[in-house]
Amino acid sequence: MNKVIFIVVFLLLSFQFSTARAVEENAETIFGSKELLISVDLSSTFSLKPVETDFALDYVQVNLSLFPKEGELQKTQFTKLEPQPQIENDYLLFRWDEPGTKELSFSAITEVATTNQAVPVTEKIAFPIAKLDKEVEKFTFTTANIDSDDNILELANALAQGEDDLYVVVYKLAEWSNTNIEYNLSTLTANVSKPASWVLKNRQGVCDELTNLFIALNRALGIPARFVSGLSYTDSPLFPERWGFHGWAEVYFPGYGWVPWDVTYGQFGYVD
């Protein structure tokens, strides 16, 4: 008898929002509010089908990495976790010992309070940035998707030429990305988003790609920027289901912290 351990990773789940209908019926009130309370239900059910009759199953794990997280603009509180998972900063780890082939379910319900406010940068911050802590400096490095080839370096330096105000530089990078990259759903792939160098070359992409390029332009200039993923509401005719996955950026301003920049929606220095 062969013993097999299954590791199951779930990233895309069914999700429900208690405020979805309220947003559609009271859009003006909702978007004008300072705070919005949302109940987010991330749940799924699955069963395991053995490919052979002679099998043994020690345990099954589900690693849930996509769930609401604490941040400067939102507070979260779990109201239901079933079964009780191991809770880490970046994921929830659900586990079933010797589950057999029965149907398994898990649920993570979170109450989220999101704040509709800008992070005001009220003073001039010198550019280039003189010194960064190591925890922040790592967000200036390149990655597989946030790469900085010669074309990105050249563009970033051209946009920042003659500027000594950090906010002005970041704004120009965001404005260029929003204006010159076409939002095109046909670039969606089943696997991963395209790297920044591809986006600059092809001048198209979706939110992930626009954000990758914007972050890469910042990092090319030594400006810390990071990718943020979550869920947003839209009334765009491109999305019949109003709630959907979305990606945007946060840029670090010394003395102020991480400031949100959504180049897809054209929200520079804030998110609604």
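Numbering of residues begins at 1 and proceeds along the displayed sequence.
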Look at atom CD of Q84 and say whether more than 12 heavy atoms of other residues, nucleotides or ligands are closer to it than 6.0 Å.
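Atom CD in Q84 is crowded, with more than 12 foreign heavy atoms closer than 6.0 Å.
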
E82 CD: over 12 foreign heavy atoms closer than 6.0 Å
no

Write out all pairs satisfying salt bridge (charged side-chain N to carboxylate O under 4.0 Å, His left out) with one or both partners inside residues 173-183, taking only residues at least two apart or from two chains.
none

Residue pairs involving residues 134-146 (criterion salt bridge (charged side-chain N to carboxylate O under 4.0 Å, His left out); sequence neighbours excluded):
E135-K138

Would a single hydrophobic cluster contain both [Y] and [X], if residues Ile, Leu, Val, Met, Phe, Trp and Tyr are joined by side-chain heavy-atom contacts under 4.5 Å?
X	Y	value
Y270	V228	no
F46	L57	yes
L231	Y91	no

Pairs satisfying side chain to side chain donor-acceptor pair (under 3.5 Å), at least one member in residues 122-132, at least two apart
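Those involving residues 122-132 are T122-Y256, K124-D164.
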
Using 0.5 Å steps for rounding, measure from the [atom1] atom of [X] to the [atom2] atom of [Y].
X	Y	atom1	atom2	value
L48	F55	CG	CZ	8.5 Å
E35	K75	CD	NZ	10.5 Å
T140	N218	OG1	CG	11.0 Å
L36	T114	CG	OG1	4.5 Å
Q77	E70	CD	CD	9.5 Å
L155	L173	CG	CG	8.0 Å

[X] versus [Y]: any side-chain heavy-atom pair under 4.5 Å?
X	Y	value
I223	L166	yes
L217	L213	yes
Q61	L93	yes
F214	T264	no
L42	L66	no
S193	N212	yes
S177	L210	no
W248	V263	no

With sequence neighbours excluded, give me every ring-ring contact (aromatic ring centres under 6.0 Å, His included) pair touching residues 150-175.
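Qualifying pairs, neighbours excluded: Y167-F253, Y167-W261, Y171-F268.
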
Pairs satisfying ring-ring contact (aromatic ring centres under 6.0 Å, His included), at least one member in residues 109-131, at least two apart
none

Taking all non-hydrogen atoms of both residues, which atom of [X] and which atom of [Y] are closest, and how far apart?
X	Y	value
G269	V259	O-CG1, 3.6 Å
L73	P260	CD1-CG, 3.9 Å
G222	L132	O-CD1, 4.0 Å
A249	I215	CB-CG1, 3.9 Å
T101	S47	O-CB, 4.2 Å
I181	G205	CG2-N, 4.2 Å

Between D90 and S65, does any side-chain donor sit less than 3.5 Å from a side-chain acceptor?
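Note: D90 and S65 side chains miss the donor-acceptor criterion.
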
Between D147 and S197, a side-chain donor and acceptor under 3.5 Å:
yes

Is a salt bridge present between K194 and E209, judged by a nitrogen-to-oxygen distance below 4.0 Å?
no

Run the side-chain donor-acceptor check on residues 103-113: report pairs under 3.5 Å with partners two or more places apart or on a different chain.
residue	atom	partner	partner atom	Å
S105	OG	T45	OG1	2.8
S107	OG	S43	OG	2.9
E111	OE2	S39	OG	3.2

Working note: D262 + Q267, criterion side-chain hydrogen bond (donor to acceptor under 3.5 Å, both in side chains); need CA distance, chi angles, decisive distance, verdict.
CA-CA 5 Å; D262 191 334; Q267 298 179 348; over 6 Å; no

Linking Ile, Leu, Val, Met, Phe, Trp and Tyr by side-chain heavy atoms under 4.5 Å, what else ends up with V51?
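In the cluster with V51 there is nothing else; it is isolated.
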
Given a cutoff of under 4.5 Å between side-chain heavy atoms of I, L, V, M, F, W and Y, with clusters grown through shared members, what are the other residues clustered with L153?
none

Please lay out, stage by stage, how V62 and W96 fare under the test side chain to side chain contact (heavy atoms under 4.5 Å, CB included).
CA-CA 9 Å; V62 168; W96 297 262; 3.6 Å; yes

With sequence neighbours excluded, residues passing salt bridge (Lys or Arg N to Asp or Glu O under 4.0 Å) with E163
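E163 satisfies salt bridge (Lys or Arg N to Asp or Glu O under 4.0 Å) with K172 once adjacent residues are dropped.
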
For D97, give me all partners under salt bridge (Lys or Arg N to Asp or Glu O under 4.0 Å), at least two apart in sequence or on another chain.
R95

Backbone N or O of [Y] within a donor-acceptor pair of the [X] side chain at under 3.5 Å?
X	Y	answer
R219	A225	yes
N202	W198	yes
T211	G247	yes

Quick one: list whatever passes ring-ring contact (aromatic ring centres under 6.0 Å, His included) with W258, sequence neighbours left out.
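W258: ring-ring contact (aromatic ring centres under 6.0 Å, His included) contacts with F139, Y252.
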
Apply side chain to side chain contact (heavy atoms under 4.5 Å, CB included) to the pair I125 and D165, showing each step before the final yes or no.
CA-CA 6 Å; I125 301 173; D165 187 321; 5.5 Å; no

Could you list the residues that satisfy side-chain hydrogen bond (donor to acceptor under 3.5 Å, both in side chains) with S232, not counting sequence neighbours?
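For S232 the side-chain hydrogen bond (donor to acceptor under 3.5 Å, both in side chains) partners, ignoring immediate neighbours, are Y265.
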
Geometric class of the F67/F78 ring pair [parallel <30°, tilted 30-60°, perpendicular >60°]:
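Tilted.
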
